[in-house]
Amino acid sequence: MMALHRFKAQNQANTVWALATMGHVDAAFVGALLHVATPQLLGFRPQELASIVWALGMMAHLDVAFMVALVEAAGPQLSILSPQDLANTASALAKLGHSNAAFMGALLEVATPLMCSFTPKDLANLAWALAALDEHNVTFTAALISRAGTQPDVFGEICKLPGCSSAISEHPTDDGMSTIDIAMQLPGNRHLAVEVDGPAHFLSNAPTVLNGATRLRNRLLEARDWQVVIVLVTHWQKLVAKGKRTTRDYLMGRLGVRG
């Protein structure tokens, strides 16, 4: 294990991440690696910190001294972490039972304005972590409820439209590779895939341009004869404020449904 002393931050993070991904647990090796990494944590980049804490959570490997140092190093970099990394970090802390109220408060302060950028899975992981750590944050919880309610709200309104009562929420594709937010089959053998998308589906520096992952999702669905219709979370919230008639008219126009 002498080679561990020559590992740089990226080497250390990648090694622990790889072991966790493979499901290979070697407590002695991981312990030795963390012993080497602990005094270097202030030099870790945000992604490296997020990767290593996620891996430790997956392996259920708790090293208190390392976690204390990691929280200290990660605190100033929370604003740089992606929504997924924020959720994974909180989830890992919860899995390890390592509670730090100040750190979680700072994490939630960063996460709350980014609520629309979290995927449903990341939101669920973050909510679970808060419950497991017995953390209470009124502002974050209110934002979470608002964000989590968008897709069910859109689904509920679609089901009220003429000929749309058979719409299905969270419909898996035939190959099982993905899930459609709201799937519908309309007259004329039209298959609609309604995707309720937040800012995470767009470029950060061009918020009206779909990112690569979202464009790929759309192409794959279209190749399977699905017509993709995107409902923007931010736009929907503005429509809701104007009343049910506005949301109904919007959906009928977007889906090509006649009253």
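Quick note: residue numbers are just sequence positions, from 1. As the structure is a computational prediction, the values presented were derived from the model and not from experiment.
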A.B. asks: Could you report the tightest heavy-atom contact between Ala69 and Thr38, atom names first, then the distance?
C.D. replies: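 So the two residues come closest at CB-CG2, 3.8 Å.
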
A.B. asks: Do the side chains of Val64 and Leu41 join up, straight or via other hydrophobic residues, at under 4.5 Å, putting them in one cluster?
C.D. replies: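 Result: yes, single cluster for both.
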
A.B. asks: Would you say Thr246's side chain and Leu239's backbone share a donor-acceptor pair under 3.5 angstrom?
C.D. replies: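 No, because the side chain of Thr246 does not come within donor-acceptor range (under 3.5 Å) of the backbone of Leu239.
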
A.B. asks: Around Glu109, counting heavy atoms of other residues, nucleotides and ligands shown, do more than 12 lie under 6.0 Å from its CD?
C.D. replies: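 At most 12 heavy atoms, drawn from other residues, nucleotides or ligands, come within 6.0 Å of this atom.
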
A.B. asks: Tell me, do Leu107 and Leu126 make a side-chain contact under 4.5 Å, heavy atoms counted?
C.D. replies: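 Answer yes - side chains close enough.
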
A.B. asks: Taking side chain as C-beta onward, heavy atoms only, is Lys95 less than 4.5 Å from Met58?
C.D. replies: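 Counting from C-beta outward, Lys95 and Met58 do come under 4.5 Å.
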
A.B. asks: Between Trp236 and Thr247, does the side chain to side chain contact (heavy atoms under 4.5 Å, CB included) criterion hold? Intermediate values first, please.
C.D. replies: CA-CA 8 Å; Trp236 179 259; Thr247 56; 3.5 Å; yes

A.B. asks: Quick check: do Leu56 and Leu62 have side-chain heavy atoms less than 4.5 Å from each other?
C.D. replies: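 Counting from C-beta outward, Leu56 and Leu62 never come under 4.5 Å.
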
A.B. asks: Kindly say whether Lys8 contributes a backbone atom to a donor-acceptor pair with the side chain of Asn11 at under 3.5 angstrom?
C.D. replies: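 Here the side-chain-to-backbone pair exists.
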
A.B. asks: Do Leu210 and Phe202 have side chains that approach each other closer than 4.5 Å (heavy atoms only, starting at C-beta)?
C.D. replies: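 Yes, at least one pair of side-chain atoms sits under 4.5 Å.
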
A.B. asks: Same cluster or not: Val110 versus Val138, using hydrophobic residues (I, L, V, M, F, W, Y) connected whenever any side-chain heavy atoms lie under 4.5 Å apart?
C.D. replies: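 The answer is no; the residues belong to distinct hydrophobic clusters.
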
A.B. asks: Which pair of heavy atoms, one from Leu114 and one from Phe118, lies closest together, and at what distance?
C.D. replies: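 Minimum heavy-atom contact is O-CD1, 3.3 Å.
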
A.B. asks: Give, for atom CZ of Phe140 and atom CD of Glu135, the distance between the pair rounded to the nearest 0.5 Å.
C.D. replies: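 Spacing of CZ (Phe140) from CD (Glu135) equals 11.5 Å.
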
A.B. asks: Within this structure, what is the CD1-SG distance for the pair Ile168 and Cys159, rounded to the nearest 0.5 Å?
C.D. replies: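 Here the rounded value is 10.0 Å.
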
A.B. asks: Phe103 versus Thr89: any side-chain heavy-atom pair under 4.5 Å?
C.D. replies: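 Counting from C-beta outward, Phe103 and Thr89 do come under 4.5 Å.
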
A.B. asks: Rounded to the nearest 0.5 Å, what separation is found between the CG atom of Leu93 and the CE atom of Met104?
C.D. replies: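 Between Leu93 CG and Met104 CE, I get 6.5 Å after rounding to 0.5 Å.
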
A.B. asks: Please check: side-chain N/O of Arg254 versus main-chain N/O of Ile230, any donor-acceptor pairing under 3.5 Å?
C.D. replies: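 Yes, because the side chain of Arg254 sits within donor-acceptor range (under 3.5 Å) of the backbone of Ile230.
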
A.B. asks: Under a 4.5 Å side-chain heavy-atom rule over Ile, Leu, Val, Met, Phe, Trp and Tyr, are Leu251 and Ile180 clustered together?
C.D. replies: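 They do not share one cluster, since no chain of ILVMFWY contacts under 4.5 Å joins Leu251 to Ile180.
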
A.B. asks: Show the numbers, then the answer: is there a side-chain hydrogen bond (donor to acceptor under 3.5 Å, both in side chains) between Gln151 and Glu170?
C.D. replies: CA-CA 10 Å; Gln151 184 175 322; Glu170 297 296 330; 2.7 Å; yes

A.B. asks: Does Val196 offer a backbone N or O that forms a donor-acceptor pair with the side chain of Asp181 under 3.5 Å?
C.D. replies: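 Judged by distance alone, yes, a pair lies under 3.5 Å.
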
A.B. asks: So Val233 and Gln237, do their side chains get closer than 4.5 Å, heavy atoms only?
C.D. replies: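 Yes - at least one pair of side-chain heavy atoms lies under 4.5 Å apart.
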
A.B. asks: Can you tell me if NE2 on His35 sees more than 12 non-hydrogen neighbours from other groups inside 6.0 Å?
C.D. replies: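 At most 12 heavy atoms, drawn from other residues, nucleotides or ligands, come within 6.0 Å of this atom.
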
A.B. asks: On a heavy-atom basis, which atom in Ala50 and which in Leu81 lie closest, and how many Å separate them?
C.D. replies: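 For Ala50 versus Leu81, the nearest heavy atoms are CB-CD2, 4.2 Å.
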
A.B. asks: Trp128 and Ala94: which non-hydrogen atoms are nearest, and at how many Å?
C.D. replies: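 Closest approach of Trp128 to Ala94: CZ3-CB, 3.5 Å.
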
A.B. asks: Quick one: CG on Asn189 to CG on Asp225, what's the gap to the nearest 0.5 Å?
C.D. replies: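 One gets 8.5 Å once the value is rounded to the nearest 0.5 Å.
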
A.B. asks: Is any side-chain heavy atom of His201 less than 4.5 Å from a side-chain heavy atom of Leu232?
C.D. replies: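 Contact flag for His201/Leu232 side chains = no.
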
A.B. asks: Between Val229 and Val209, is there shared hydrophobic-cluster membership here, with clusters defined by ILVMFWY side-chain heavy atoms closer than 4.5 Å?
C.D. replies: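 No, because Val229 and Val209 fall into different hydrophobic clusters, even though each may have its own neighbours under 4.5 Å.
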
A.B. asks: Can Arg217 and Asp197 be counted as an ion pair, charged N to O under 4.0 angstrom?
C.D. replies: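 Between Asp197 and Arg217 there is a salt bridge, with a charged N closer than 4.0 Å to a carboxylate O.
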
A.B. asks: For side chain to side chain contact (heavy atoms under 4.5 Å, CB included), just list the numbers for Leu70 and Phe44, CA-CA rounded to whole Å, side-chain angles, deciding distance to a tenth of an Å, and then say yes or no.
C.D. replies: CA-CA 9 Å; Leu70 184 140; Phe44 275 58; over 6 Å; no

A.B. asks: For Phe7, does its backbone N or O pair with a side-chain atom of Gln12 as donor and acceptor, under 3.5 Å?
C.D. replies: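 It does hold such a pair.
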
A.B. asks: Taking all heavy atoms of Thr173 and all of Asp175, pick out the closest pair and write down the distance.
C.D. replies: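 Smallest interatomic distance, heavy atoms only, reads OG1-OD1, 2.6 Å.
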
A.B. asks: Can you tell me how far the CG atom of Asp26 sits from the NE2 atom of His61, to the nearest 0.5 Å?
C.D. replies: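 NE2 of His61 is found 9.5 Å from CG of Asp26.
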
A.B. asks: Relative to the ring of Trp17, is the ring of Trp54 parallel (under 30°), tilted (30 to 60°) or perpendicular (over 60°)?
C.D. replies: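 Rings of Trp54 and Trp17: tilted, as their planes differ by 30° to 60°.
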
A.B. asks: So if I apply the side-chain contact (heavy atoms from CB on, under 4.5 Å) rule between Leu192 and each of Leu255, Ile182, Val257, which one comes out positive?
C.D. replies: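 Answer after filtering Leu255, Ile182, Val257: Leu255.
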
A.B. asks: Just by modelled atom types, is the Ala13 backbone N or O under 3.5 Å from a matching donor or acceptor in the Ser51 side chain?
C.D. replies: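 Between the backbone of Ala13 and the side chain of Ser51 there is no qualifying donor-acceptor contact (under 3.5 Å).
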
A.B. asks: Quick check for you: to the nearest 0.5 Å, what is the distance between Leu108 atom CG and Leu86 atom CG?
C.D. replies: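 One finds 9.0 Å between CG of Leu108 and CG of Leu86.
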
A.B. asks: Which pairs, with at least one residue in residues 154-165 and sequence neighbours excluded, count as a side chain to side chain donor-acceptor pair (under 3.5 Å)?
C.D. replies: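 Only Glu157-Lys160, Glu157-Lys244 qualify under side chain to side chain donor-acceptor pair (under 3.5 Å).
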
A.B. asks: Side-chain heavy atoms nearer than 4.5 Å, only ILVMFWY residues, links allowed to pass through others: does that put Leu203 and Leu216 together?
C.D. replies: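 No, Leu203 does not connect to Leu216 through the hydrophobic network.
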
A.B. asks: What closest approach, in Å, do Leu186 and Gly163 show between heavy atoms, and which atom pair accounts for it?
C.D. replies: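 Minimum heavy-atom contact is CD2-O, 3.9 Å.
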
A.B. asks: In terms of heavy-atom contacts, does CG of Asn205 have more than 12 from other residues, nucleotides or ligands at under 6.0 Å?
C.D. replies: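 Above 12, so yes.
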
A.B. asks: Just to verify, which of Met184, Glu195, His191 counts as forming a side-chain contact (heavy atoms from CB on, under 4.5 Å) with Trp226?
C.D. replies: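 Exactly one pass, corresponding to His191.
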
